[in-house]
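Heavy atoms only: backbone and side chains are in, while hydrogens, waters and symmetry mates are out.
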Amino acid sequence: DRLYALGPEGDESAVRAADVVVLVDDDTASWSSWNRYAEEFAASTGARVVRTHDGGVTGPAFAEHVRRLRRPVLINPRGQRDPEPRDLLRRAVIEPTPLWTWSLVWRRADDRPAVRAIVDEFTRDTGDLTVDDPGTWVPADDPHRGGGQCGS
């Protein structure tokens with residue numbers, strides 16, 4: 001998944017990675033993977049880390065953090081498909097474009113309708129970016145780095 005930022009209304013243009021905020025939650029049991037991703041992304045791109053203690057890396061609390069910070073905030077992959085509040089705008093993140101990789105494993109020859117429906121639903125909006133495209137970013141230890149393709 002290509003990750004986007006959510007920001008105050010008024011500017012729909014793409015935002016550079018160095019100009020976004022990433023939220024890191026104190027609850028390391030629930031948000032360990034996201035926290036590692038966010039901290040490495042910030043260290044690599046110059047994005048600013050803001051620590052939270054309220055589970056606000058997704059959901060309504062996330063939107064409240066965006067409003068309070070008044071800056072574009074990187075959307076956690078669990079919140080990528082949430083509808084944006086009317087007063088906030090989704091913005092593309094560039095230079096580099098952050099990607100969150102998911103692993104979906106199935107037998108290509110499996111033609112059962114239920115299996116195909118699940119695969120089609122999970123890959124519907126993945127796009128054609130690959131983790132090795134110039135201008136994209138994934139963590140250094142991402143298992144899909146080095147030839148893996150997102151959405152394939």
Side-chain angles (χ1 to χ4, degrees), residues 1-7 12-66 68-84 88-110 115-152:
D1 278 346
R2 176 185 186 147
L3 298 185
Y4 293 85
L6 194 63
E12 295 181 53
S13 64
V15 60
R16 292 176 355 126
D19 297 327
V20 302
V21 171
V22 291
L23 300 179
V24 172
D25 199 277
D26 290 342
D27 180 354
T28 57
S30 298
W31 297 109
S32 175
S33 294
W34 172 253
N35 286 349
R36 284 192 321 271
Y37 180 96
E39 288 172 343
E40 186 175 341
F41 177 76
S44 177
T45 65
R48 179 178 159 217
V49 171
V50 170
R51 301 204 177 276
T52 70
H53 60 278
D54 59 1
V57 296
T58 63
F62 176 80
E64 288 306 315
H65 286 295
V66 174
R68 181 179 54 80
L69 294 165
R70 303 199 44 75
R71 292 187 53 199
V73 180
L74 192 65
I75 301 173
N76 180 295
R78 289 188 189 175
Q80 280 286 101
R81 304 217 192 292
D82 293 348
E84 293 88 27
L88 301 175
L89 294 173
R90 181 179 292 236
R91 297 175 65 183
V93 179
I94 58 171
E95 298 177 15
T97 298
L99 302 178
W100 180 272
T101 60
W102 302 91
S103 294
L104 176 61
V105 179
W106 81 97
R107 292 183 183 99
R108 283 195 193 272
D110 192 334
V115 171
R116 285 298 334 155
I118 290 170
V119 170
D120 291 345
E121 179 62 23
F122 284 157
T123 60
R124 178 171 34 106
D125 296 322
T126 58
D128 59 359
L129 290 173
T130 65
V131 298
D132 296 317
D133 280 350
T136 60
W137 185 91
V138 294
D141 64 350
D142 190 285
H144 299 284
R145 186 183 281 276
Q149 182 166 350
C150 297
S152 64

Evaluate V20 against R91 for side-chain contact (heavy atoms from CB on, under 4.5 Å), listing each step before the verdict.
CA-CA 10 Å; V20 302; R91 297 175 65 183; over 6 Å; no
Evaluation steps, side-chain contact (heavy atoms from CB on, under 4.5 Å), between T52 and F62
CA-CA 10 Å; T52 70; F62 176 80; over 6 Å; no
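Here the closest heavy-atom approach between residue P98 and residue F41 is recorded as CB-CE1, 3.7 Å. Considering all non-hydrogen atoms of both residues, T101 and D142 come closest at OG1-OD2, 2.7 Å. Minimum heavy-atom separation, G56 to A61: CA-CB, 3.6 Å. Closest non-hydrogen pair, V66 versus L6, comes out as CG1-O, 3.4 Å. Contact between V15 and A5 at its shortest, heavy atoms only, is CG1-CB, 4.2 Å. For the pair V24 and A38, the tightest heavy-atom approach, listed with the atom from each and the gap, is CG2-CB, 3.9 Å.
Judged as a salt bridge (Lys or Arg N to Asp or Glu O under 4.0 Å), and not counting sequence neighbours, R78 has no contacts. Not a single salt bridge (Lys or Arg N to Asp or Glu O under 4.0 Å) links D25 to another residue, sequence neighbours left out.
Checked by atom type and distance alone, the side chain of W34 pairs as donor or acceptor with a backbone atom of L23 at under 3.5 Å. D27 places a side-chain N or O within 3.5 Å of a backbone atom of A29 that can act as its donor or acceptor partner.
Between the OG1 atom of T28 and the CZ atom of R36 there is a distance of 10.5 Å, given to the nearest 0.5 Å. Remark: E12 CD to L89 CG distance equals 5.0 Å, nearest 0.5 Å. If you take CD on E95 and CG on D19, they are separated by 9.0 Å, rounding to the nearest 0.5 Å.
Counting heavy atoms from C-beta outward, Y37 and L3 have side chains that approach closer than 4.5 Å.
Within the structure, every pair that satisfies the side-chain hydrogen bond (donor to acceptor under 3.5 Å, both in side chains) test and touches residues 38-50, not counting sequence neighbours, is listed here: E39-R51, S44-W137.
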